[in-house]
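Just below is one structure, and these are the notes that go with it.
Sequence positions, counted from 1, serve as the residue numbers for this chain.
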Amino acid sequence: MWEPMRFLLFSTVETFAAFVLMLTIFRVRALDYVWPALFIGLIMNLQSFILREETSLAFFAPTINIILFTLLITTVVRMPIIWAAIISITGTFLYTLFQAVIILILFGTLTTEMQTSAEGSLAQAVTSAWVLAISWFLYKFKIGFTADYENLRFRWEHVLVVILIVGVLASCTFMFYFNNFFLSILFIALASAMFLYYALRTEREYYKKP
């Protein structure tokens, strides 16, 4: 019982810290999106735990997480999808790199066993604390990249985003159905429902503009 709780707790903190870092780097205030980020973070980590414990598909979890981060930034933060993908990939890469450095400093080596050990949880906690501190420093002193993000928005991007969300849901459902993982299907469906809600709400607000 302790192992799933430990994994979900520290992984959710880690996911939130990564989200804060990726937005802060691009001068976006992450605290405006705390609850959607925590919800999607929990979905990500439930998904990762199932893939790690029940299947040989654990390698697929980072890809799913990057897609979910991209959709979160597109629908909730309202970034163009190309910028959302850039922000998601950049933030994930930097967080992973920073965590690797922390692990090497603390333990001198990287091992796959750390994912299920107290040492792994310690590395997650220390990395998350440092990343949040660095993110605060960057935001406080307005350090980071900025651009005219709207220049990369497609005319029919709202339709594209909805199609992408439905496509991701269908693809994951197909994959997990044949592996008999109905909980995974439920988690992806919940995430997709939230993305669709924000995407459709954003579309309505867009067309209401004078």
Side-chain angles (χ1 to χ4, degrees), residues 1-31 33-73 77 84-141 143-145 181 183-184 187-188 191:
M1 181 63 183
W2 164 242
E3 169 57 20
M5 295 299 295
R6 179 196 63 78
F7 179 87
L8 290 177
L9 174 62
F10 288 98
S11 294
T12 300
V13 172
E14 177 181 60
T15 303
F16 180 72
F19 175 76
V20 171
L21 176 65
M22 63 181 63
L23 289 192
T24 304
I25 289 171
F26 289 88
R27 302 281 298 277
V28 178
R29 179 179 161 84
L31 293 182
Y33 313 101
V34 170
W35 295 114
L38 287 175
F39 175 75
I40 292 301
L42 182 60
I43 293 292
M44 287 180 182
N45 296 314
L46 287 167
Q47 184 69 44
S48 297
F49 183 78
I50 290 175
L51 290 175
R52 191 194 74 183
E53 296 296 318
E54 305 294 338
T55 77
S56 59
L57 301 173
F59 67 91
F60 197 60
T63 302
I64 294 178
N65 289 349
I66 288 175
I67 292 172
L68 293 178
F69 268 135
T70 300
L71 292 174
L72 174 64
I73 295 169
V77 185
I86 293 170
I87 291 170
S88 176
I89 293 169
T90 302
T92 300
F93 172 78
L94 288 176
Y95 185 93
T96 303
L97 180 63
F98 194 79
Q99 186 174 63
V101 172
I102 292 292
I103 290 174
L104 289 174
I105 291 173
L106 291 177
F107 306 109
T109 185
L110 292 165
T111 62
T112 56
E113 289 76 14
M114 283 185 176
Q115 294 181 356
T116 58
S117 67
E119 288 82 2
S121 296
L122 176 61
Q124 287 176 307
V126 172
T127 305
S128 298
W130 273 105
V131 164
L132 289 173
I134 290 170
S135 298
W136 176 86
F137 178 85
L138 293 175
Y139 186 80
K140 178 72 173 179
F141 293 98
I143 301 171
F145 302 101
F181 295 115
L183 274 179
S184 293
F187 297 149
I188 293 295

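- Residues L38 and L42 form no side-chain contact, since every pair of their non-hydrogen atoms from C-beta on lies 4.5 Å or further apart.
- Of all heavy-atom pairs spanning I73 and S88, the tightest one is CD1-N, 4.2 Å.
- Remark: L21 CG to L132 CG distance equals 9.0 Å, nearest 0.5 Å.
- Between S135 and V20, the shortest heavy-atom distance links the atoms CB-CG1, 3.7 Å.
- In plain terms, the two heavy atoms of F145 and R27 that are nearest each other are O-CG, 3.3 Å.
- Atom CG in L72 sits 11.5 Å away from atom CG in N65 (nearest 0.5 Å).
- Relative orientation of the F69 and F19 rings is parallel, given thresholds of 30° and 60° on the angle between their planes.
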Distance-only criterion, 3.5 Å: show the donor-acceptor pairs between side-chain atoms of residues 95-108 and protein atoms not counting sequence neighbours.
unit_1: Y95; atom_1: OH; unit_2: S128; atom_2: OG; d: 3.0
unit_1: T96; atom_1: OG1; unit_2: T92; atom_2: O; d: 2.8
unit_1: Q99; atom_1: NE2; unit_2: E14; atom_2: OE2; d: 2.4

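- In this structure, the ring pair (Phe, Tyr, Trp, His ring centres under 6.0 Å) partners of F137, at least two apart in sequence or on a different chain, are F141.
- Distance check, rounded to the nearest 0.5 Å: CD1 of I43 to OG1 of T12 gives 10.0 Å.
- Rounding to the nearest 0.5 Å places OG1 of T24 at 14.0 Å from NZ of K140.
- Annotation for V34 and L31: closest pair CG2-O, 3.2 Å, computed over non-hydrogen atoms.
- Taken to the nearest 0.5 Å, the CD1 atom of I66 stands 12.0 Å off from the CG atom of L71.
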